[in-house]
Amino acid sequence: MVAVVARRSRLLLIRRSDQVSAPGKFCFPGGAIEEGETEEEAVVRELREELGVRVQPVRRVWESCTEWGVHLSWWQSRLADDAPIVPNAAEVSHIGWYTIPEILGLSDLLSSNRQFLQKVLAGDIQLDLEP
Ligand SMILES: Nc1nc2c([nH]c(=O)n2[C@H]2C[C@H](O)[C@@H](COP(=O)(O)OP(=O)(O)OP(=O)(O)O)O2)c(=O)[nH]1
């Protein structure tokens, strides 16, 4: 489950900690769905665990599969309130709000995220950048 959170043409990006898979890579917040959960519930739980924030999943905008076989469901989501983002250091080493060109300029970006953003720029994925 991947949460795509936009604000004033910027997207919420995380840098993965050294203790998880794909250490040090940039991607969006998210994680695996657990048994019995809906996709929306998984998005809400993952963002709470990872960043200490409440989000509302709005719309599934894309589905994909990583080169290593993980199915990803991409959910445009919005922050439910103005509470501060408090990254869980075990999972996330850094967070920030970046424009799409800035994100595409990062060499440590996960390849599925690069593919996602290229599709957004091409108009193949509809994303609301000013929700
Ligand atoms: N969270 C997240 N994972 C992503 C993104 N793009 C992408 O390819 N992935 C991959 C990396 C991982 O193989 C998988 C989800 O990893 P995760 O670390 O967030 O979830 P997890 O704790 O349940 O999984 P894991 O570390 O045990 O592999 O999806 C993204 O934007 N966000």
Side-chain angles (χ1 to χ4, degrees):
M1 235 42 53
V2 175
V4 187
V5 182
R7 195 179 68 183
R8 283 181 251 125
S9 294
R10 291 172 181 269
L11 298 174
L12 180 58
L13 198 70
I14 68 161
R15 186 160 204 180
R16 300 170 67 85
S17 83
D18 293 338
Q19 298 153 53
V20 297
S21 59
K25 297 287 190 188
F26 289 95
C27 67
F28 299 131
I33 193 167
E34 290 178 358
E35 212 178 309
E37 268 182 337
T38 63
E39 292 197 0
E40 289 95 324
E41 286 166 348
V43 170
V44 171
R45 177 184 50 74
E46 283 290 348
L47 276 274
R48 192 179 62 232
E49 291 175 1
E50 212 165 86
L51 301 177
V53 291
R54 288 200 308 132
V55 295
Q56 293 159 348
V58 177
R59 195 168 57 90
R60 189 171 58 201
V61 290
W62 196 45
E63 284 182 88
S64 68
C65 192
T66 65
E67 290 153 14
W68 50 94
V70 175
H71 173 262
L72 297 175
S73 217
W74 302 67
W75 279 85
Q76 170 132 38
S77 304
R78 65 168 60 111
L79 293 176
D81 52 47
D82 288 333
I85 298 171
V86 183
N88 172 350
E91 297 181 24
V92 176
S93 68
H94 172 87
I95 66 125
W97 295 90
Y98 296 86
T99 64
I100 292 176
E102 284 169 350
I103 299 172
L104 289 172
L106 297 168
S107 55
D108 280 342
L109 184 65
L110 284 182
S111 56
S112 47
N113 295 69
R114 185 171 301 282
Q115 208 186 345
F116 174 82
L117 292 172
Q118 280 161 349
K119 285 186 178 292
V120 171
L121 289 182
D124 297 337
I125 294 174
Q126 308 302 320
L127 200 61
D128 183 0
L129 289 167
E130 308 275 349

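For ligands, and for the atoms within them, numbers begin at 1 and follow the listed sequence. In what follows, residues are counted from 1 in the order of the sequence shown.
Atom 2 (C) of ligand 1 has F28 O, 3.5 Å as its closest protein atom, hydrogens excluded (heavy atom only). Scanning all protein heavy atoms for the shortest distance to atom 13 (O) of ligand 1 gives W68 NE1, 2.8 Å. Of all protein heavy atoms, the one closest to atom 20 (O) of ligand 1 is G31 CA, 3.4 Å. Among protein heavy atoms, atom 9 (N) of ligand 1 sits closest to L110 CD1, 3.6 Å. Closest to atom 14 (C) of ligand 1, if we only count protein heavy atoms, is V70 CG1, 4.0 Å. If you check which protein heavy atom lies closest to atom 28 (O) of ligand 1, you get S21 OG, 3.1 Å.
For the atom pair OG (S112) and CH2 (W74), the distance works out to 4.5 Å, reported to the nearest 0.5 Å.
When each atom of ligand 1 is checked for a heavy atom of N113 under 4.0 Å away, the hits are 5 (C), 6 (N), 7 (C), 30 (C), 31 (O). Near T66, the atoms of ligand 1 lying under 4.0 angstrom from a non-hydrogen atom of the residue are 8 (O). Of all atoms in ligand 1, listed by their number and element, those nearer than 4.0 Å to a heavy atom of G30 are 1 (N), 19 (O). Near S112, meaning under 4.0 Å from any of its heavy atoms, are these atoms of ligand 1: 6 (N), 7 (C), 8 (O).
Within 6.0 Å of the CZ atom in R10, the count of heavy atoms belonging to other residues, nucleotides or ligands exceeds 12. Enclosure of atom CD in Q19 by more than 12 non-hydrogen atoms of other residues, nucleotides or ligands within 6.0 angstrom is indicated.
Closer than 4.0 Å to atom 24 (O) of ligand 1 lies none of the heavy atoms of the protein. Shown here, atom 32 (N) of ligand 1 is in close reach of the protein: a heavy atom of it lies under 4.0 Å off.
Considering backbone and side-chain N/O atoms, V2 never comes within less than 3.5 Å of an N/O atom of ligand 1. Taking any N or O of W74, backbone or side chain, none lies under 3.5 Å from an N or O belonging to ligand 1. Considering backbone and side-chain N/O atoms, P29 never comes within less than 3.5 Å of an N/O atom of ligand 1.
Taking hydrophobic clusters as Ile, Leu, Val, Met, Phe, Trp and Tyr residues chained together by side-chain heavy-atom distances below 4.5 Å, V20 does not share a cluster with M1.
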**OP:** List the steps and the verdict of side-chain contact (heavy atoms from CB on, under 4.5 Å) for R15 and D108.
**Re:** CA-CA 9 Å; R15 186 160 204 180; D108 280 342; 2.9 Å; yes
**OP:** Apply side-chain contact (heavy atoms from CB on, under 4.5 Å) to F116 and I100, showing your working.
**Re:** CA-CA 10 Å; F116 174 82; I100 292 176; over 6 Å; no
Subject >> Steps toward salt bridge (Lys or Arg N to Asp or Glu O under 4.0 Å) verdict (E41, R45) >> reply: CA-CA 6 Å; E41 286 166 348; R45 177 184 50 74; over 6 Å; no
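Ligand 1 lies nowhere less than 4.0 angstrom from a heavy atom belonging to F116.
With sequence neighbours excluded, no residue forms a side chain to side chain donor-acceptor pair (under 3.5 Å) with Q56.
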Would you list the atom pairs, donor with acceptor, under 3.5 Å between side chains in residues 117-131 and any protein atom, with sequence neighbours excluded?
| from | atom 1 | to | atom 2 | distance (Å) |
| --- | --- | --- | --- | --- |
| Q126 | NE2 | G123 | O | 3.0 |
| D128 | OD1 | E130 | N | 3.1 |
| E130 | OE2 | S9 | OG | 2.6 |

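Contacts with ligand 1 closer than 4.0 Å are made by side-chain heavy atoms of L72 only, the backbone lying farther away. Under 4.0 angstrom from ligand 1, the non-hydrogen atoms of A32 come from both its backbone and its side chain.
Without hydrogens or angle criteria, R114 side chain to L104 main chain gives a donor-acceptor distance under 3.5 Å. Panel note: side chain R7, backbone L12; no donor-acceptor pair is recorded below 3.5 Å.
Using a 3.5 Å distance cut-off with no hydrogens or angles, the side chains of Q115 and S64 do not pair a donor with an acceptor.
With distances taken over non-hydrogen atoms, the option nearest atom 17 (P) of ligand 1 out of Q19, R16, M1, E49 is R16.
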